[in-house]
Amino acid sequence: MIPSSIDDGGVVAHGAPRRRHVDLGDPDIAVHRESGVWHVDALTPLQPFPARFTDRLAAGARAHPDRTLVARRGSDGEWIRLSYGVVLENARRIGQALLDRGLSAQRPLAILSGNDLEHFQLALGAMYAGIPYAPLSPAYSLVATDPAKLADLIGQLTPGAVFASDGDAFARAIEAVLPPDAELILAKNAVPGRTATPFARLLQTAPGSIDARNDEVGPSTIAKFLFTSGSTKKPKAVITTHGMLCSNQQMLLQTFPFFGQEPPVLLDWLPWNHTFGGSHNVGIVLYNGGTLYLDDGRPAARDFAVTLRNLREIAPTVYFNIPVAWEMLAEALETDDRLAATFFSRVKLFFCAGAGLSQAAWEHLDDVAIRRCGESIRIMTGLGMTETSPSCTFGTGPISKAGYVGVPAPGCKVKLVPVEGKLEARFKGPHVTPGYWRAPHLTAEAFDADGYYCTGDALRFADEAQPHLGFMFDGRIAEDFKLDTGTFVSVGPLRARVISNGAPYVQDVVATGLNRHTIGLLVFPRMDNCLVLSQLPAGTPAAEVLSSAPVRAFFGNLLDRLNRDAGASADGAGSSKRIDRMLLLEEPPSIDQRELTDKGSINQAAVLQRRAALVDAMYAGTDPHTIVAAPHA
């Protein structure tokens with residue numbers, strides 16, 4: 001049911017801008033409550049799906065063998081394109097080569113490097129042969145200075161073969177962690193003193209028993225191992241089966257029927273060692289006969305120009321990115337006519353991944369779309385995770401705003417269980433993992449007695465009087481805490497509010513106050529933007545930038561605005577939203593110290609543990625970068 005004042009796209013109908021049409025699935029859900037536990041299920045049943053993830057590759061090779069499946073720019077600037085027919089043939093050859101080497105779930109293929117054409121073909125070849133592969137974050141090899149974390153992942157996997165795109169770039173990691181019994185496969189450049197198999201040699205393998213082996217692959221066959229980000233504990237290897245991937249893509253197709261009406265075109269950089277880039281986005285293309293253009297750009301000052309160049313040439317039908325990239329893109333779209341003309345020519349949906357888009361950024365993006373193409377483009381969010389391959393809920397209901405994660409996708413069962421004053425989201429369905437590899441105790445801890453996966457994420461109804469409208473994200477339960485007054489602090493919404501109001505000068509924040517009287521914030525500033533704000537010359541040390549009058553004035557005003565909006569608590573014991581002080585941090589979060597996960601999210605517990613002395617100094621008022629709120633009236 002959709003309120004009459006809202007049209008089918010979620011925009012208020014009276015006097016609102018026209019929204020570009022996009023076919024969405026039925027958002028109706030069934031809701032009932034039993035003994036304080038909510039059960040929420042999609043009314044639309046999940047339709048049949050293939051037994052193997054590579055079945056869609058084979059079908060595409062038969063139906064449109066010459067259509068580009070994947071492309072990446074070469075060194076000459078031209079796109080190197082691989083068709084469905086070529087990728088299938090190469091996958092069969094690679095799969096045969098991996099079978100010949102005796103690879104299996106016990107000795108899988110590990111991939112150290114990031115998104116490229118070789119990685120893409122290796123992944124499909126392994127899956128075609130029923131051999132799991134594990135894409136590992138390149139940051140563990142190229143950024144981290146301590147190989148211990150990478151060594152732990154390799155130890156969990158015991159791979160029979162390890163691939164890296166470039167022997168020069170990955171030499172240090174290979175020397176540190178390559179098992180003596182694992183074959184090294186390289187796309188280019190040898191590692192001195194190491195025997196390696198060139199990737200090209202795999203493509204020379206003649207297919208033999210590979211098709212018969214592919215016939216044995218089924219929904220329960222492991223397709224890959226994906227490691228969790230380690231934002232709360234050390235990374236775990238999530239078992240991802242063919243059935244999980246296929247069922248989740250069918251959920252997506254029924255949620256977004258337009259994927260099947262026009263072959264989707266994606267330009268994407270999101271890393272394949274994460275479920276969103278490697279399962280969700282690659283899967284959308286493969287499952288629906290589309291084309292994936294690999295974007296070598298990144299949402300960073302020195303790399304985003306590559307993304308903009310690609311978007312001036314490639315017009316996506318749907319575009320996925322993380323919040324900071326959406327903010328950067330919105331700014332570029334305002335001034336770049338060619339970029340805007342290409343980008344808006346056929347895009348039907350925007351999707352924000354990885355974290356929530358702030359309301360301010362949401363409204364800015366919508367405003368830019370309306371001014372540039374005369375239509376509002378639907379901005380979509382949802383809730384998913386590595387263990388659910390990844391998608392569970394989508395904002396296909398009538399609400400369109402930051403924090404709305406919508407309703408369950410067809411086939412997904414949701415249970416909301418009261419935990420520490422919130423409602424924990426728990427999921428069940430064919431898209432949910434059977435568990436963690438070689439960790440039965442962790443698997444047992446992750447599921448409740450009814451077989452629902454316990455996420456640790458909290459949801460609340462967007463409107464308690466109308467539960468069929470779906471959910472708002474309500475933070476991570478493990479991050480919440482109580483002040484010494486007994487006041488409960490909900491960290492997720494607080495953090496989102498600070499980042500939204502602090503744009504563009506706040507990268508991330510960590511809330512403090514456990515067993516203290518007031519809330520504090522450790523603030524990781526966006527130093528490039530703070531430098532501009534400070535009006536100091538390039539190369540000025542971070543300490544001077546953060547001590548400058550303009551920067552301190554901004555953060556002082558931010559603190560006042562946040563507290564003015566939060567108001568006072570009813571009992572006078574201290575508001576659960578009022579922030580007493582903040583500390584601007586000179587040092588960015590460290591991946592080596594587990595403060596930063598490989599996907600760029602903050603590990604709150606690691607930051608608080610490592611920077612405990614700074615927290616003490618903030619509350620004592622002895623750190624010069626501390627900003628204290630005005631006295632509470």
Side-chain angles (χ1 to χ4, degrees), residues 20 67-83 113-120 138-139 142-143 165-166 169 187-188 262-272 274 276-278 280-282 284-285 290-354 357 361 364-365 367-369 371-373 377 379 504 526 528-529 532 538 599-600:
R20 182 167 291 183
R67 180 183 299 170
T68 298
L69 169 54
V70 64
R72 186 189 188 193
R73 284 196 194 275
S75 57
D76 61 357
E78 298 299 317
W79 291 100
I80 301 171
R81 298 172 180 270
L82 298 179
S83 69
S113 46
N115 303 9
D116 58 34
L117 299 179
E118 292 82 7
H119 184 152
F120 189 87
L142 303 179
V143 177
S165 59
D166 184 345
K188 65 178 182 180
E262 175 187 4
V265 175
L266 272 63
L267 175 77
D268 194 47
W269 70 271
L270 291 168
W272 293 341
H274 298 147
F276 204 91
H280 185 278
N281 292 358
V282 170
I284 285 172
V285 169
T291 299
L292 174 63
Y293 289 90
L294 305 188
D295 179 15
D296 288 321
R298 295 293 184 274
R302 67 180 183 275
D303 298 323
F304 200 59
V306 176
T307 294
L308 297 181
R309 176 197 179 190
N310 290 334
L311 285 174
R312 292 186 193 102
E313 184 175 333
I314 304 300
T317 58
V318 56
Y319 192 64
F320 302 91
N321 223 316
I322 61 176
V324 64
W326 278 115
E327 294 171 17
M328 296 171 73
L329 179 59
E331 292 178 3
L333 287 167
E334 288 194 286
T335 58
D336 191 324
D337 293 341
R338 181 182 172 191
L339 173 69
T342 303
F343 183 72
F344 287 115
S345 63
R346 61 178 178 179
V347 67
K348 295 181 174 65
L349 189 74
F350 297 158
F351 204 107
C352 186
L357 191 66
H364 182 211
L365 178 61
D367 179 64
V368 170
R371 286 189 283 110
R372 278 302 199 170
C373 69
I377 308 296
I379 305 171
R526 288 187 176 169
D528 289 345
N529 291 342
V532 173
K599 69 178 183 181

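One finds the CD atom of Glu262 at 6.0 Å from the OG1 atom of Thr317 (value rounded to the nearest 0.5 Å). The CD atom of Glu331 sits 6.5 Å away from the NE2 atom of His364 when rounded to the nearest 0.5 Å. Residue Arg73 holds its CZ atom at 9.5 Å from CG of Asp295, rounded to the nearest 0.5 Å. For the atom pair His280 NE2 and Ile284 CD1, the distance stands at 4.0 Å (nearest 0.5 Å). The line from CG of Asp268 to CD1 of Ile314 is 13.0 Å long, rounded to the nearest 0.5 Å. Once rounded to the nearest 0.5 Å, the distance linking CD1 of Ile377 with CG of Leu365 reads 9.0 Å.
Counting heavy atoms from C-beta on, the side chains of Leu329 and Phe343 come closer than 4.5 Å. Contact annotation: the side chain of Glu118 never approaches that of Lys188 to less than 4.5 Å [non-hydrogen atoms, C-beta and beyond]. At least one side-chain heavy atom of Cys373 sits less than 4.5 Å from a side-chain heavy atom of Arg20. Two residues are said to be in side-chain contact when any heavy atoms from C-beta on lie closer than 4.5 Å; Thr307 and Met328 fail this criterion. A 4.5 Å side-chain heavy-atom check between Val318 and Leu266 finds at least one atom pair inside the cut-off. Counting heavy atoms from C-beta outward, Leu308 and Asp336 have side chains that stay 4.5 Å or more apart.
Nearest heavy atoms, Val285 versus Thr291: CG1-N, 3.5 Å. In plain terms, the two heavy atoms of Tyr293 and Arg81 that are nearest each other are OH-NH1, 2.9 Å. Counting all heavy atoms, side chain and backbone alike, Ile80 lies closest to Gly74 at CD1-CA, 3.7 Å. Shortest non-hydrogen contact noted between Asn310 and Asp296 is ND2-N, 4.2 Å. Taking both residues in full, the closest heavy atoms of Val368 and Ala330 are given as CG2-O, 3.9 Å, listed atom of the first, atom of the second, then distance. Of all the heavy atoms in Pro504 and Arg526, the pair that sits closest is O-CD, 3.3 Å.
Applying the 6.0 Å contact sphere to CZ of Arg371 captures more than 12 heavy atoms from other residues, nucleotides or ligands.
Checked against side-chain contact (heavy atoms from CB on, under 4.5 Å), Leu142 has the following partners two or more places apart in sequence or in another chain: Pro138, Ala169, Phe170.
A donor-acceptor pair is defined here as one N or O able to donate and one able to accept, closer than 3.5 Å; such a pair exists between the side chain of Arg372 and the backbone of Leu333. Formation of a donor-acceptor pair under 3.5 Å by the Arg67 side chain with backbone atoms of Gly290 is not found in this model.
For the residue pair Trp269/Asn321, the side-chain donor-acceptor check at 3.5 Å is satisfied.
Under the 30°/60° scheme for interplanar angles, the aromatic rings of Phe351 and Phe320 are found to be tilted.
Paired with Phe120 under the rule side chain to side chain contact (heavy atoms under 4.5 Å, CB included), one option of Asn115, Leu294, Val70 passes, and it is Val70.
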*Can Val282 and Leu292 be said to form a side chain to side chain contact (heavy atoms under 4.5 Å, CB included), step by step?*
CA-CA 7 Å; Val282 170; Leu292 174 63; 4.0 Å; yes

